[in-house]
Number of protein chains: 2
Amino acid sequence: MDKSELLALLQPTFATYGFNGASVARLAAATGLGKASLYHHFPGGKNEIAGVLLRQAVEQLQSKVFVASGKRNSPNERLAGMIDRFSEYCNDGQSYCLVALFAQEQAPVIDQPAIAEQFAAWRTVLAQCYEADGHKPKAANRAAASLVNTLYGALLMARMTDEPKLFLQAAKRCKNQLLN
Amino acid sequence: MDKSELLALLQPTFATYGFNGASVARLAAATGLGKASLYHHFPGGKNEIAGVLLRQAVEQLQSKVFVASGKRNSPNERLAGMIDRFSEYCNDGQSYCLVALFAQEQAPVIDQPAIAEQFAAWRTVLAQCYEADGHKPKAANRAAASLVNTLYGALLMARMTDEPKLFLQAAKRCKNQLLN
DNA sequence: TCGACTATAACGAACGTTCGGTTACCACAG
DNA sequence: CTGTGGTAACCGAACGTTCGTTATAGTCGA
């Protein structure tokens, strides 16, 4: 059992129960290993696991979601692509974002200023697309902030109510709105 | 020290640390009482306290926020009022919503189907306003869902980054959008 | 035989909870 | 006014459990 397999088995437990709710016993059970065996792979214990998964989530958002890929495409297409990739990231609203989850619990693995910077950077990426699409700078910033808010709000809503479709519908609305 | 005072002292601890993170020791410390004394007021222990606070939050959203008050006002003014009252509810983005927090941790005090119903009802209240404002039923439903998503998304964002202004700005944008 | 891996069993600390008993307060009989 | 009884409020100390962690030892392919 190698490390990336383990992490894949561990992630859902954190995503389901949050940092505090994911006990080492539960985490070990999720992998099929004994608690002590987990410590062989992650000597830093629970904090190390959570830290790796958190960095993984941020990295994924950074490299797979909030990138204005396809320079040949129109700004709108690039924005739509980001929405689609965020949708993939959260499994169409079925999986929650560890960054949001850990941040809300004030988990010890969270570096809040860094998270704030990260989200600001992602908003900037979005804003640049909106600007390239003809929005004035201020309007572009507003639209970018709105989009991130809506996506995360929809994801939160989907989780609260256990209705992933609430996310899918919101994502669709966001994309439709780009066509104006 | 009466019960409502106690609850007021206890709420911030839950709001800050979440259900799992709010230990009885912390809760007791927040009130200045000993742990045993808390059990005098709340024999049901931590679950009872969290349950009361949760019901309080839902009740507040129900009776103070998502009510189409002021029948004489225009639908837009009523929607704007709800945004304002939600803003008050979350202290301009500085306090988090216990419903959202507990729901995300899958806290034992949460009845997810009930929460889902509750939010559906609130979306309906909003949708009726949008309809009264001339939107077609489907468009009204979409607008209502978007508004809730955005408000909660902005609140989540504000908490994640510890920047309440992200919420205030979003609330302002929502209100401006009503004027079209 | 060695090193990577897993498991059993236990550790101290913190958890939520309960017990036994002390204080503070107030009604009321003397 | 004093004294007595009852009750609500409160607390220190401990309960049993679970937490995250670790010491120790066994398994097994190379």
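Letters A, B, ... mirror the listed sequences (proteins, then strands); counts begin at 1.
The ring-ring contact (aromatic ring centres under 6.0 Å, His included) test applied to B/Phe66 returns B/Trp122, not counting sequence neighbours. Not counting sequence neighbours, B/Asp111 has no partner by the salt bridge (Lys or Arg N to Asp or Glu O under 4.0 Å) test.
The backbone N or O of B/Ala100 sits less than 3.5 Å from a side-chain atom of B/Gln104, completing a donor-acceptor pair.
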Please enumerate all protein N or O atoms sitting under 3.5 Å from an N or O of nucleotides 12-20 of chain D, with distances to 0.1 Å.
residue, atom, partner, partner atom, Å
D/dC19, OP1, A/Ser23, OG, 3.4
D/dG20, OP1, A/Lys46, NZ, 2.7
D/dG20, OP2, A/Val24, N, 2.6

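Annotation: salt bridge (Lys or Arg N to Asp or Glu O under 4.0 Å) contacts involving residues 83-101 of chain A, sequence neighbours excluded, comprise A/Asp84-A/Lys175. Screening residues 152-169 of chain A for side chain to side chain donor-acceptor pair (under 3.5 Å) gives no qualifying pairs among residues at least two apart or on separate chains.
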Report all side-chain donor-acceptor pairs from residues 23-43 of chain B shorter than 3.5 Å, counting only partners two or more places apart or in another chain.
residue, atom, partner, partner atom, Å
B/Ser23, OG, B/Arg26, N, 3.2
B/Thr31, OG1, B/Ala28, O, 2.7
B/Thr31, OG1, B/Leu33, N, 3.1

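B/Leu33 has its CG atom 18 Å from the P atom of C/dT23, to the nearest Å. Between the CG atom of B/Leu6 and the P atom of D/dA8 there is a distance of 16 Å, given to the nearest Å. Distance CD1 (A/Ile49) to C1' (D/dT21): 12 Å, rounded to an integer number of Å. We find that CG of B/Leu38 is positioned 17 Å from P of C/dC19, with the value rounded to whole Å. The CE-C1' distance, from B/Met1 to C/dA24, rounds to 15 Å in whole Å.
Contact between the side-chain N/O atoms of B/His40 and the OP1/OP2 oxygens of D/dC10 is not found at any separation under 4.0 Å.
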